[in-house]
Amino acid sequence: MSNVMTTRDKPRKSYTNLFAIVCLAFIAAMYILSNYAPGTILDSPNLLIFKTVFVSIVLETMPFLWIGVFTSALLHVFVSDRLMKRMIPKNPILGIIAASVLGIIFPLCECGMVPAIRRLINKGMPLYVAITFILVGPIVNPIVFWSTLTAFRGRPEIAYARMGLAFAVALIVGLIIYRFVRANQMRVQEPSHSHEHDHHRDNKLVTVMGHAISEFFDMGKFIIFGAFLVGLLQTFVSQADLVALGQGQGSANALMMGLGFILSLCSTSDAFVAQSFVTTFTPGSLVAFMVFGPMLNLKGVLMMSAVFRTKFVIMLSAFVIVLVYVGTLALDYTFLK
Amino acid sequence: MGRRNSEWLHIALKAVILTGFAGLMIYLLFSGEMLLYIAPHLMIYAWVAAAFLVVATGFQYYIGFVSMKRTVVECECGHDHDHDQSALPGSGWRSSLVYFVFILPLLLGAFLPNSALAGSLAQNKGMNLGGAVYSGKASQGDLVEVDGDQDPALKERFKTTVYNRDYAKLGMLLFEQESIEMTDEWFIEKLQALNTFANNFQDKKLTITGFVYREEGLTDAQFIVGRMAMTHCIADISPYGIIAESPDAQQYADDSWITVTGTIGIAEYRGQKVIKINIESVAPASPAKIPYVYPDWHFADRL
């Protein structure tokens with residue numbers, strides 16, 4: 001079994017290590033540019049901040065990761081490919097809308113979503129449906145809507161703009177992928193035959209647990225590494241200094257998108273962080289922070305690059321960056337004026 | 001034979017890591033120190049994660065036990081699992097790196113103290129003084145009074161936009177108090193209400209406990225009494241505070257915890273109109289074991 005596996009399913013060259021090195025180099029550069037004297041890295045306050053942020057993100061992600069990998073394992077064992085294919089609408093628009101509705105019913109953040117989505121794609125869910133779900137799921141759901149509304153009590157239109165823009169961006173990206181992306185974009189191809197024959201040897205419980213644990217390690221390493229990077233960034237890069245960089249129309253939107261990427265917050269909590277910028281930034285750039293962050297962030301991109309080919313992740317990121325940026329600028333001039 | 005050994009090593013290492021995570025979570029949950037990392041409403045999820053981890057750990061030992069006798073199809077059908085490839089000979093450094101990634105948070109969690117963060121992190125985050133809430137499109141003409149049977153004069157005082165009515169209600173409650181205390185509960189909401197209706201609260205008595213914090217832009221007679229607010233976890237923590245003013249402000253050291261009592265005044269800070277405290281008395285305080293405050297999503301329903 002293992003031999004067959006290595007010959008047929010040679011994994012594509014992984015760029016994850018390269019990405020990791022780029023991230024570390026970036027952090028080192030930010031560190032040098034920041035106002036800390038070199039050598040303070042071993043100072044205990046900074047080490048303690050890093051440790052606390054790092055461990056906190058790992059602990060906070062743990063339940064959602066387990067929910068994700070268990071969902072994935074259950075799907076793997078109990079939902080057949082045929083059933084999956086029957087459940088996906090044939091019409092692409094319907095498929096994309098179904099994916100958005102799925103996000104409303106199963107409010108999962110991306111930590112739990114990526115493992116489940118990988119399984120669904122392997123079971124025959126079309127790529128454009130899956131990507132729509134990844135983009136829209138963390139934002140367009142009742143919990144996030146409620147928390148955004150609560151954080152921006154004085155300006156409910158920000159919550160509506162967030163939902164609307166997230167939905168629009170996901171819809172457009174989904175359609176682009178449907179129209180232009182044909183090839184399989186998974187990093188590792190699954191063979192088309194099902195594995196059911198393996199399972200009679202051990203019972204289903206063992207299979208579910210085995211898969212869940214295996215996937216926990218598989219996805220967990222990206223989440224923990226992501227948390228590591230976020231911890232470093234939060235420790236050594238002053239958010240206040242970053243914010244001072246861009247206050248102008250346009251640059252603020254880009255800056256807040258960058259901040260959303262770096263902070264890698266959960267979509268249910270980022271509204272409160274955005275709210276703290278309400279006096280310094282345009283509403284559009286706050287929406288940029290709250291739409292871009294959950295769609296693309298340090299932790300999420302690491303996870304996605306474990307599932308999809310690097311080229312595809314870059315292409316997807318480019319679409320999301322452009323659409324969110326343009327969308328929030330447009331919002332600044334119209335709806336949120 | 002070497003392959004069997006390496007497989008067994010992987011199973012054992014995973015068992016150790018799972019045990020570590022389960023142990024760390026259970027320790028933090030039972031000692032209550034979990035609250036230094038995540039917000040109270042996520043505790044239930046942390047228990048769920050701990051339960052998952054305990055079950056998974058048990059299962060991993062079972063696999064280890066069984067695999068001593070025969071090869072177990074743990075997940076060989078999962079071609080998409082990186083570690084299966086890294087289990088092959090020749091990529092030992094890569095799987096060591098992966099295991100190191102998992103062991104690092106365990107080591108840090110086990111050997112560094114669990115502590116609360118305050119001023120040093122606030123410096124990175126930028127202090128929120130809770131300036132007036134945006135009124136959005138609503139103009140002066142759209143101001144409304146809150147519902148209820150309170151004194152009409154009071155309601156007139158707290159006229160606001162339709163979206164700020166919850167803060168107006170809270171503001172009215174605070175206004176009727178002899179002396180306002182910034183308690184842990186509704187710390188952020190109270191700060192917001194006080195700032196939104198700053199003019200109404202001038203010369204009212206206020207007590208606040210928090211850490212001393214300074215940043216550029218404050219005068220020598222000023223410092224900020226701050227608290228850290230957490231929504232989910234440390235990653236989203238942000239500092240909130242009130243400017244305190246006193247001629248002998250310099251004597252209070254950064255990061256020390258104090259209780260300040262004084263009267264409310266108005267300050268202009270970085271282009272925002274915010275409240276400040278004119279200090280009347282200061283007492284040393286000790287931070288709570290869990291020194292964080294949390295936004296209350298349902299405060300409006302509980303008013």
Side-chain angles (χ1 to χ4, degrees), chain A residues 1-2 5-6 9 11 45 48-49 51-60 62-63 66 118 122 147 150 153-157 188 190-191 195 198 201-202 209-214 216-218 220-221 224-225 228 230 234 238-240 243 263-266 268-270 272-273 276 278-279, chain B residues 14 18 21 25 28 34 36-38 42 45-46 48-49 52 56 59-60 63 72-83 85 88 98 101-102 104-105 108-109 112 115 117 120-121 123-126 128 131 133-136 161 163-164 166-167 231-236 238 272 295 297:
Chain A
M1 185 68 198
S2 286
M5 181 187 89
T6 47
D9 304 308
L48 220 52
I49 291 178
K51 175 253 176 173
T52 311
V53 175
F54 176 42
V55 172
S56 172
I57 296 174
V58 171
L59 292 177
E60 193 237 0
M62 200 59 76
W66 276 107
R118 170 161 74 174
N122 284 334
S147 73
T150 313
R153 211 178 289 271
R155 302 210 62 183
E157 67 268 24
V188 181
E190 284 247 314
H195 316 291
D198 284 332
R201 271 201 279 155
D202 295 300
M209 285 305 298
H211 274 289
I213 291 177
S214 181
F216 168 75
F217 279 92
D218 200 18
K221 61 175 184 264
I224 295 176
F225 187 65
F228 179 83
V230 175
Q234 290 221 0
S238 159
Q239 191 172 307
V243 165
L263 288 180
S264 305
L265 299 179
C266 279
T268 42
S269 63
D270 61 355
F272 284 93
V273 175
S276 66
V278 87
T279 44
Chain B
K14 284 183 188 173
L18 287 170
F21 275 109
M25 290 206 81
L28 290 173
M34 187 62 96
L36 290 170
Y37 293 100
I38 63 173
L42 286 181
Y45 292 101
V48 169
F52 271 129
F59 178 82
Q60 192 65 19
I63 287 289
V72 184
V73 184
E74 186 199 335
C75 195
E76 294 224 28
C77 41
H79 308 276
D80 45 354
H81 301 304
D82 261 2
H83 64 90
Q85 277 109 36
L88 298 170
V98 168
V101 164
F102 281 94
L104 185 65
L108 287 174
L112 286 180
S115 61
L117 299 180
S120 39
L121 189 60
Q123 207 80 50
N124 269 3
K125 296 276 191 176
N128 296 298
V133 183
Y134 260 149
S135 43
T161 63
Y163 301 123
N164 276 342
D166 296 332
Y167 290 119
T231 311
H232 259 189
C233 69
I234 296 289
D236 58 47
S238 30
Q272 287 178 49
W297 294 15

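In the text below, chain A, chain B and the rest are named by the order of the sequence lines, each starting its count at 1.
With a 4.5 Å cut-off on non-hydrogen atoms, A/Val58 touches chain B through its side chain but not through its backbone. Of the atoms belonging to A/Phe272, heavy atoms from both backbone and side chain fall under 4.5 Å from chain B. Looking at B/Leu108, both its backbone and its side chain come within 4.5 Å of chain A, counting heavy atoms on both sides. Interface remark: A/Val55 contributes backbone and side-chain atoms alike to the contact with chain B (heavy atom separation under 4.5 Å).
Nearest approach of A/Lys221 to B/Phe102, heavy atoms of both residues: N-CZ, 3.2 Å. Shown here for B/Cys233 and B/Asp236, the closest heavy-atom pair between the two residues is O-OD1, 2.9 Å. When every heavy atom of B/Ile38 is checked against every heavy atom of B/Leu42, the shortest pair comes out as CD1-O, 3.8 Å. Closest heavy-atom contact between A/Ser264 and A/Val230: OG-CG2, 3.6 Å.
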Does A/Leu265 form a side chain to side chain contact (heavy atoms under 4.5 Å, CB included) with B/His232? I'd like the steps, not just the answer. CA-CA 9 Å; A/Leu265 299 179; B/His232 259 189; over 6 Å; no
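Each of A/Gly220, A/Ser56, A/Pro156 has some count of heavy-atom pairs under 4.5 Å with chain B, and the biggest count is that of A/Ser56.
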